Amino acid sequence: MLRLALPPEQWFPVRPLVIAREFGVLVEEDDLGPTFEGALLQANGRCAIVINSRIREDGRRSFTAGHELGHYSLHRDRPELRCSLDDLLDVAPHPVNIEQEANEFAMTLLMPADDVRAQIAARPPSIALVRELSERYGTSLVSTALRVRELSAGALCLVYVASGRVKWCWPTSRFQWRAARGAPWPLQQLSSLEGEPFPTLTAFGPEAHARVGAQLIVSAADMPHYDANLWMLVTRDPRRPWEWGEVDAELG
């Protein structure tokens, strides 16, 4: 509908709060404290989306707005929904819940699959590419990276490291290794957003070496506001499906 209504040069970034106002939703900004990013509130037949005034990043605000618009579209039978940062990162595969549904709505609205696939088709995945797309779509670095991971056909893995430890690690189906949650992260911050070759065995040990090959292309971005780093690991030598059983047997 947006593409029918707007010329191509205005398709991106999508403005979810403008859409919400078109549906008659009140849009407010208020201090929701350190816990919540946004909320959908209802009273007396009216709906309001509230964005936490503490959010400073435009991309994070936009994704929060898209998430709350998702709640309005899908879950407005509930009188009140308050969403934390963890809720807005809840895109891991597990039984469907309303936060996952709102995130899927936001990603689909802000970063449509056909456009993302067209943008990533001709370039190898890296944090540099993710950053470019985050500017195109007006979204946060993390939400954009998660969308690239979801739509990528390659063997890659995203790792969110907070205070030197793995908070989450989400590989694609072709990347057959996962860093343990809570484990110390062995790499220091990289200056390269484009990606640098890294010996898998040295950095991650024999299991990772056996599963994803001898070399990884590693890119990273620092996120000082969160005392965190976002890492992308890409293998040019993914294990073929019929080899995974042999790898498991070898590792015991």
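Because only heavy atoms are used, hydrogens play no part in the values below, and waters and symmetry mates are left out as well, while side chains stay in. Keep in mind it's a predicted model, so treat the numbers as computed, not measured.
- For Leu230 against Val142, the heavy-atom pair with the smallest separation is CD2-CA, 4.3 Å.
- Test Leu40, Val25, Val27, Leu17 against Glu68 for side chain to side chain contact (heavy atoms under 4.5 Å, CB included) and you get one pass: Leu40.
- Figure legend: cation-pi geometry between Arg3 and Trp11, with NZ or CZ positioned under 6.0 Å from the six-membered ring centre and within 45° of its axis.
- Contact of the Thr139 side chain with the Pro13 side chain is not registered, since no non-hydrogen atoms from C-beta on lie closer than 4.5 Å.
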Checking side-chain hydrogen bond (donor to acceptor under 3.5 Å, both in side chains) for the pair Tyr137/Asp115: CA distance, chi angles, key distance, verdict? CA-CA 10 Å; Tyr137 301 125; Asp115 193 77; 2.5 Å; yes
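- If you check the side chains of His71 and Glu101, you find no donor sitting under 3.5 Å from an acceptor.
- When side chains are defined from C-beta on, Arg54 counts as touching Pro34, because their heavy atoms get closer than 4.5 Å.
- The cluster map of Ile, Leu, Val, Met, Phe, Trp and Tyr, joined by side-chain heavy atoms under 4.5 Å apart, puts Val18 and Leu69 in different clusters.
- Residues Val161 and Lys167 fail the side-chain proximity criterion, which asks for heavy atoms closer than 4.5 Å.
- Side chains of Leu187 and Phe198 form a contact here, defined as non-hydrogen atoms less than 4.5 Å apart.
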Go through it in stages, so that I can follow the logic: the residues are Val159 and Cys169, the test is side-chain contact (heavy atoms from CB on, under 4.5 Å), and I'd like the CA-CA distance, side-chain angles, deciding distance and then a yes or no. CA-CA 4 Å; Val159 186; Cys169 174; 3.9 Å; yes
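- Residues Glu37 and His67 have side chains that never bring a donor and an acceptor to within less than 3.5 angstrom of each other.
- Ionic pairing of Arg178 and Glu207 is not present here: no N-O contact between side-chain nitrogen and carboxylate oxygen is shorter than 4.0 angstrom.
- Ser163 and Asp227 share a side-chain donor-acceptor pair at under 3.5 Å.
- Within the 4.5 Å cutoff, no side-chain heavy atoms of Leu216 are placed close to those of Val234.
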As a quick check of understanding, evaluate side-chain contact (heavy atoms from CB on, under 4.5 Å) for Leu110 and Ser62, giving each step before the final call. CA-CA 9 Å; Leu110 300 174; Ser62 180; 4.0 Å; yes
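- The two atoms that bring Arg76 and Cys47 nearest to each other are CD-SG, 4.5 Å, heavy atoms only.
- You'll find the side chain of Glu104 reaches within 4.5 Å of the side chain of Glu150, heavy atoms only.
- The two residues Ser126 and Glu194 make their nearest non-hydrogen contact at CB-O, 3.3 Å.
- At a threshold of 4.5 Å between non-hydrogen side-chain atoms, the residues Arg165 and Arg181 do not count as touching.
- Looking at Asn52, its side chain never comes within 3.5 Å of a backbone N or O of Ile55 through a donor-acceptor pair.
- Between Pro197 and Ile217, some side-chain heavy-atom pair lies under the 4.5 Å cut-off.
- Between Arg147 and Thr108 the shortest heavy-atom distance is NH2-CA, 3.7 Å.
- At distances below 3.5 Å, not a single donor-acceptor pair connects side-chain atoms of Asp30 with backbone N or O atoms of Leu32.
- Using the six-membered ring where Trp is involved, Trp170 and Trp168 have ring planes that are parallel, under 30° apart on the 30 and 60° scheme.
- Under the 6.0 Å cut-off for aromatic ring centres, Trp185 and Phe204 qualify, their centroids lying closer than that.
- Judged by the 6.0 Å distance and 45° axis criteria, Arg60 is not positioned over the aromatic ring of Phe63.
- The pair Arg61-Glu29 meets the salt-bridge criterion, with a side-chain N (NZ, NE, NH1 or NH2) lying under 4.0 Å from an Asp/Glu carboxylate O.
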